[in-house]
Number of protein chains: 2
Amino acid sequence: MSIELEARARGKREETKASNRQAIIDAARIVFAELGYGATTVRDIIRATELASGTFYNYFKSKEEVFQALQDETALRVRPRLRAERIRARNFEEFVSGSFRTFFDFVKNDHTTFATMRRNPDMQRVRIDTPEVIAGFDELRADLELAIANGVVPATDADLLMASMVGVAFEVANHLVLRSDLSAEDAAKFATALFMGGVQALPKKAASR
Amino acid sequence: MSIELEARARGKREETKASNRQAIIDAARIVFAELGYGATTVRDIIRATELASGTFYNYFKSKEEVFQALQDETALRVRPRLRAERIRARNFEEFVSGSFRTFFDFVKNDHTTFATMRRNPDMQRVRIDTPEVIAGFDELRADLELAIANGVVPATDADLLMASMVGVAFEVANHLVLRSDLSAEDAAKFATALFMGGVQALPKKAASR
DNA sequence: CGAAAAGTTGACGTGGCGTCACGAATGACT
DNA sequence: AGTCATTCGTGACGCCACGTCAACTTTTCG
């Protein structure tokens, strides 16, 4: 019923296109999680769908591109939460703690996404900063610049401050996944304290970038 | 002459083994830097040597293993410098600033090593934490635990503190390579200030790990 | 010197890659 | 409803990288 409605609204062509694309992405998520990113081949992904090999290439150029689509899907879920948290913040402490807590909570709960990057032969990590992820970084930098302009944060290099927050977030997130004795809350408290104490001491700079 | 001496001392067998292994590593360094890690194939590396394809597999199982050997070579150069810097430190400020300065100096000067990870299709980063790299992390954590035991640093989670330093170091290093307006010294000053201000505020913890 | 051990070589079977000619499904138009 | 053009799924194909292995060459040792 709803399928028929959609078909009438969008046309059957559009319909199967969307469904094929999603089928590939869903299959890829499973296969990546099972074999690890490095070991997965395009063929593995195709086999996990009911499509022919040629069809894959109508939608994606390579497994890298599928992975990007996955990452973008994830980033699209997290980015608005982070943004909302920062906007809601009435002071810098809430800005920082809200960001870290939201991110770490997400990592703890959405194990699969991070597990993909982790389940790899040996100690190899793959990180792809997709457009959506980069946009998230830019957004954070812009918000930091705003905070600087408002005098909430001492004038310093916003780009480096952003990079530091990102670096700590990702690296601590790894330990969060590996250590069972570490809660998202404790990790967030740690990172927040580090930055709240740290920003006061940062070297002054005229304008950033 | 020196070759003959070495041959007599070590045996010709050992001699060519070492030379073959090094030839592969050297070729790999060039090829990785040229094509990027992801795009490089084992065959590309072999073609850059004068050896047959079968010979490669007498020395390495895959391109991953060659890359690990490269990483280990690099880590082996940096780790002692970092360690020395931390040992020489007479207080925690020197500990932190010495570490960051040494690391960032290395990244700025030894462009090739970091460039390999960077010259990749799109925005894909590959990071392999080899045994040597992990040993470096462990060493840093141990030194931090020592600093805590000596009361130079407030008692906190040494593992998280280590992760934070590593995260900031790597992420800022990326920006260091990309931004022409950023010197190793400025980056080190920034990171040092962040941590010197931050550690004072860190949440207390009984014993770490 | 001669035989055994160690190591090198490149051809080979396997399988993934991306393409493309074909045919089926769709939708536009009458 | 019927015709036609367009879009898209299909899978066989040529190409190349992979890792192996039997034959060959070099080194070692008695």
Side-chain angles (χ1 to χ4, degrees), chain A residues 3-28 30-32 34-69 120-122 124 126, chain B residues 3-28 30-32 34-69 120-122 124 126:
Chain A
I3 291 175
E4 288 167 22
L5 284 178
E6 284 178 308
R8 205 165 316 150
R10 302 206 269 146
K12 188 153 189 188
R13 211 109 234 184
E14 292 294 317
E15 197 54 34
T16 60
K17 268 217 289 196
S19 120
N20 281 351
R21 184 187 154 88
Q22 198 55 45
I24 292 173
I25 290 184
D26 291 344
I30 292 171
V31 175
F32 279 143
E34 205 152 295
L35 305 181
Y37 175 77
T40 301
T41 70
V42 171
R43 248 56 193 199
D44 291 328
I45 301 173
I46 295 169
R47 267 183 234 111
T49 71
E50 299 195 329
L51 304 169
S53 62
T55 305
F56 176 92
Y57 293 97
N58 284 342
Y59 294 90
F60 300 98
K61 223 168 64 261
S62 60
K63 72 165 172 173
E64 280 76 15
E65 248 187 51
V66 186
F67 191 66
Q68 278 200 26
N120 267 330
D122 293 314
Q124 185 169 343
V126 180
Chain B
I3 290 174
E4 289 166 22
L5 284 178
E6 285 177 306
R8 204 166 315 150
R10 302 208 270 148
K12 189 152 190 189
R13 212 108 233 184
E14 291 294 317
E15 198 54 35
T16 60
K17 267 216 290 195
S19 120
N20 280 352
R21 186 187 152 88
Q22 199 55 46
I24 292 173
I25 290 184
D26 291 345
I30 293 171
V31 175
F32 280 142
E34 206 152 295
L35 305 181
Y37 176 76
T40 300
T41 70
V42 170
R43 285 301 134 109
D44 291 328
I45 300 174
I46 294 168
R47 268 184 233 110
T49 71
E50 299 196 327
L51 305 169
S53 62
T55 305
F56 176 92
Y57 294 97
N58 285 341
Y59 294 90
F60 300 98
K61 223 168 63 262
S62 59
K63 73 164 170 173
E64 281 76 16
E65 247 187 51
V66 186
F67 191 66
Q68 278 200 27
N120 267 329
D122 293 311
Q124 186 169 343
V126 179

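A note on names: the letters A, B, ... follow the listed sequences, proteins ahead of strands, and every chain is numbered from 1.
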Legend entry - Criterion side-chain contact (heavy atoms from CB on, under 4.5 Å) on A/Glu65 and A/Ser62, from CA distance to verdict: CA-CA 5 Å; A/Glu65 248 187 51; A/Ser62 60; 4.1 Å; yes
Inset, instruction - Evaluate the criterion side-chain hydrogen bond (donor to acceptor under 3.5 Å, both in side chains) for residue pair B/Thr41 and B/Asp44; output intermediate values, then yes/no. - result: CA-CA 5 Å; B/Thr41 70; B/Asp44 291 328; 3.1 Å; yes
Inset, instruction - For A/Ser53, enumerate each residue passing the side-chain contact (heavy atoms from CB on, under 4.5 Å) test, keeping only those at least two apart in sequence or located in another chain. - result: A/Arg43, A/Ile46
Inset, instruction - Look up atom CG in A/Leu51 and atom CG in A/Asn20, then write down how far apart they are to the nearest 0.5 Å. - result: 5.0 Å
Inset, instruction - Please tell me if the side chains of B/Tyr59 and B/Ile25 come closer than 4.5 Å, counting only heavy atoms from C-beta onward. - result: no
Legend entry - Pairwise side-chain contact, B/Tyr57 with B/Val42, heavy-atom cut-off 4.5 Å (strictly under): yes
Legend entry - N/O donor-acceptor pair under 3.5 Å between B/Lys63 side chain and B/Tyr37 backbone: yes
Inset, instruction - Sugar-phosphate atoms are those with a prime plus P, OP1 and OP2; base atoms are the rest. Using that split, label each nucleotide of nucleotides 10-16 of chain C B, S or - for protein heavy atoms under 4.0 Å, 5' to 3'. - result: BB----S
Between [X] ([atom1]) and [N] ([atom2]), how many Å, whole number?
X: B/Glu64; N: D/dA17; atom1: CD; atom2: C1'; value: 13 Å
X: B/Glu15; N: C/dT8; atom1: CD; atom2: P; value: 13 Å
X: A/Lys63; N: C/dC17; atom1: NZ; atom2: C1'; value: 12 Å
X: B/Phe60; N: D/dG19; atom1: CZ; atom2: C1'; value: 16 Å
X: B/Arg21; N: C/dT8; atom1: CZ; atom2: C1'; value: 18 Å
X: B/Phe56; N: D/dT20; atom1: CZ; atom2: P; value: 12 Å

Inset, instruction - Identify, between B/Tyr57 and B/Glu14, the residue whose nearest nucleotide on DNA chain D lies closer to the 5' end. - result: B/Tyr57
Distances for protein N or O near nucleotides 25-27 of chain D N or O, under 3.5 Å:
from: D/dT26; atom 1: O2; to: B/Arg13; atom 2: NH2; distance (Å): 3.3
from: D/dT27; atom 1: OP1; to: B/Lys12; atom 2: NZ; distance (Å): 3.0
from: D/dT27; atom 1: O4'; to: B/Arg13; atom 2: NH1; distance (Å): 3.3
from: D/dT27; atom 1: O2; to: B/Arg13; atom 2: NH1; distance (Å): 3.4

Inset, instruction - On DNA chain C, check which nucleotide each of B/Asn20 and A/Ile46 is closest to and give me the residue with the more 5' one. - result: B/Asn20
Inset, instruction - Classify the nucleic acid contact of B/Tyr59 as base, sugar-phosphate or nothing, counting any heavy atom under 4.0 Å across all strands shown. - result: sugar-phosphate
Inset, instruction - Heavy atoms only: give me the nearest A/Val31-A/Thr40 pair and the separation to one decimal. - result: CG1-CG2, 3.5 Å
Inset, instruction - Go through A/Phe56 and A/Val66 one step at a time and tell me if the side-chain contact (heavy atoms from CB on, under 4.5 Å) criterion holds. - result: CA-CA 10 Å; A/Phe56 176 92; A/Val66 186; 3.5 Å; yes
